[in-house]
Undergrad: 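Input: one structure, supplied below.
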Amino acid sequence: MIAFVSGAVAALTPTLAVIEVGGVGMAVHCTPNTIAGLRTGEQARLATSLVVREDSLTLYGFADDDERQVFELLQTASGVGPRVAQAMLGVHSPDALRTAFAAGDAKALTAVPGIGPKGAQKLLLELKGKLGAPAPVVGAQRAVASGPAPWTEQLSAALIGLGYASREADEAVVAVTPQAEAAIAAGGSAPVPQLLRAALQSLNRAR
């Protein structure tokens, strides 16, 4: 098992980071939130989980060990593979997922692309209690600090991490704001991975 990789960030895409380790580029699949915290040329350390298949070895990367542990626990549910588990962490933080499972919040799970109402109910039954309890929140300041960043900040940071200027990132955020607001108005959350792809398309058209 590869528990973590540490080295210079050689390249970034919306879903992939290449970390140089001992002269070898390790391709690590990450959520947009994790990508947003990386910068090309800077040192990074990612907790990792290696998924072995007959025809592939795929490395998934996370901001910390807790996120990796939740990623692996999510896959103990039937029908949940690494892509769905990563999508869940792309939409919700580990503690937000713990809160959703503890409260039986199917709506929070259906905000994840690929999970419908029936699938959400099934996951609640199979995983309730397995992720542990969310961390206690003390005071309003702690609550703000422990929650996920607003989607605009996540998206802007991800674009800047990919090498775009702050002005370009701001323009791309404005371009996809109607899409984000429509998702929120429908009762979900802003789908950062889809918004990132749409933002990149708008930037490519502008060039």
Undergrad: Which heavy atom of Asn33 sits nearest a heavy atom of Gly90, and at what distance?
TA: ND2-O, 3.7 Å

Undergrad: Taking a hydrophobic cluster as the set of Ile, Leu, Val, Met, Phe, Trp and Tyr residues connected by side-chain heavy atoms closer than 4.5 Å, whether directly or through intermediates, do Tyr164 and Val174 fall within one such cluster?
TA: no

Undergrad: Quick one: pull up CG in Leu127 and OG1 in Thr76 and give me the separation to the nearest 0.5 Å.
TA: 5.0 Å

Undergrad: Does any part of the side chain of Pro94, heavy atoms only, come nearer than 4.5 Å to the side chain of Phe71, both counted from C-beta?
TA: no

Undergrad: Can you measure from OG (Ser49) to CD (Gln86) and round to the nearest 0.5 angstrom?
TA: 10.5 Å

Undergrad: Before giving the answer on side-chain contact (heavy atoms from CB on, under 4.5 Å), spell out for Thr99 and His92 the whole-Å C-alpha distance, their side-chain angles and the decisive distance to 0.1 Å.
TA: CA-CA 10 Å; Thr99 299; His92 299 296; over 6 Å; no

Undergrad: In terms of hydrophobic clusters joined by side-chain contacts under 4.5 Å, are Leu16 and Leu195 together?
TA: no

Undergrad: Yes or no on side-chain contact (heavy atoms from CB on, under 4.5 Å) for Val24 and Glu20, after CA distance, side-chain angles and deciding distance?
TA: CA-CA 5 Å; Val24 176; Glu20 185 177 345; over 6 Å; no

Undergrad: Any ion pair linking Asp64 and Arg45 (charged N to carboxylate O, less than 4.0 Å)?
TA: no

Undergrad: Walk me through whether Leu124 and Leu109 qualify under side-chain contact (heavy atoms from CB on, under 4.5 Å).
TA: CA-CA 9 Å; Leu124 289 174; Leu109 298 184; 3.8 Å; yes

Undergrad: Got a salt bridge between Arg167 and Asp170, using NZ or NE/NH1/NH2 to carboxylate O under 4.0 Å?
TA: no

Undergrad: Kindly compute the distance separating NE2 (His29) from OG1 (Thr48), expressed to the nearest 0.5 Å.
TA: 12.5 Å

Undergrad: Find out if a path of hydrophobic residues (ILVMFWY) with successive side-chain heavy-atom gaps under 4.5 Å connects Leu123 to Val84.
TA: yes

Undergrad: Does the pair Leu89 and Phe62 meet the rule for a side-chain contact (heavy atoms from CB on, under 4.5 Å), with working shown?
TA: CA-CA 9 Å; Leu89 286 165; Phe62 311 92; 4.2 Å; yes

Undergrad: Please check: side-chain N/O of Ser156 versus main-chain N/O of Glu153, any donor-acceptor pairing under 3.5 Å?
TA: no

Undergrad: So if I apply the side chain to side chain contact (heavy atoms under 4.5 Å, CB included) rule between Thr34 and each of Thr15, Leu46, Val28, which one comes out positive?
TA: Leu46

Undergrad: Given the rule in the side-chain hydrogen bond (donor to acceptor under 3.5 Å, both in side chains) test, do Glu126 and Ser78 qualify, once you have shown the distances and angles that lead to the verdict?
TA: CA-CA 8 Å; Glu126 290 192 35; Ser78 59; 2.7 Å; yes

Undergrad: Verify, without hydrogens or angle tests, whether Ser56 (side chain) and Arg53 (backbone) share a donor-acceptor contact under 3.5 angstrom.
TA: no

Undergrad: So Leu74 and Leu131, do their side chains get closer than 4.5 Å, heavy atoms only?
TA: yes

Undergrad: For Glu67 versus Ala63, what's the shortest heavy-atom pair and its separation?
TA: OE1-N, 3.2 Å

Undergrad: Ile2 and Leu38: same hydrophobic cluster, using ILVMFWY side-chain contacts below 4.5 Å?
TA: yes

Undergrad: Of the non-hydrogen atoms in Ala17 and Cys30, which two are nearest, and what is the gap between them?
TA: CB-SG, 4.3 Å

Undergrad: Verify the cluster assignment for Leu59 and Leu57: are they in a single hydrophobic cluster under the rule of side-chain heavy atoms below 4.5 Å apart?
TA: yes

Undergrad: Decide yes or no for Thr58 and Leu50: does some side-chain heavy atom of the first lie under 4.5 Å from some side-chain heavy atom of the second?
TA: no

Undergrad: Any side-chain to backbone donor/acceptor pair from Glu168 onto Ala165? Under 3.5 Å, distance only.
TA: yes

Undergrad: Can you name the nearest heavy-atom pair linking Ser6 to Val21, along with the distance?
TA: O-CG2, 3.8 Å

Undergrad: Could you give the distance from CG (Leu125) to CZ (Phe101), rounded to the nearest 0.5 Å?
TA: 10.5 Å

Undergrad: Just verifying a value: how many Å separate Leu159 CG and Gln154 CD, rounded to the nearest 0.5 Å?
TA: 12.0 Å

Undergrad: Do you know which two heavy atoms are closest between Pro14 and Leu200, and how far apart they sit?
TA: CG-CD1, 2.9 Å

Undergrad: For the residue pair Arg98 and Ala133, what are the closest heavy atoms and their distance?
TA: CD-O, 3.4 Å

Undergrad: Working to the nearest 0.5 Å, report the span between CG of Leu73 and CZ of Arg68.
TA: 11.5 Å

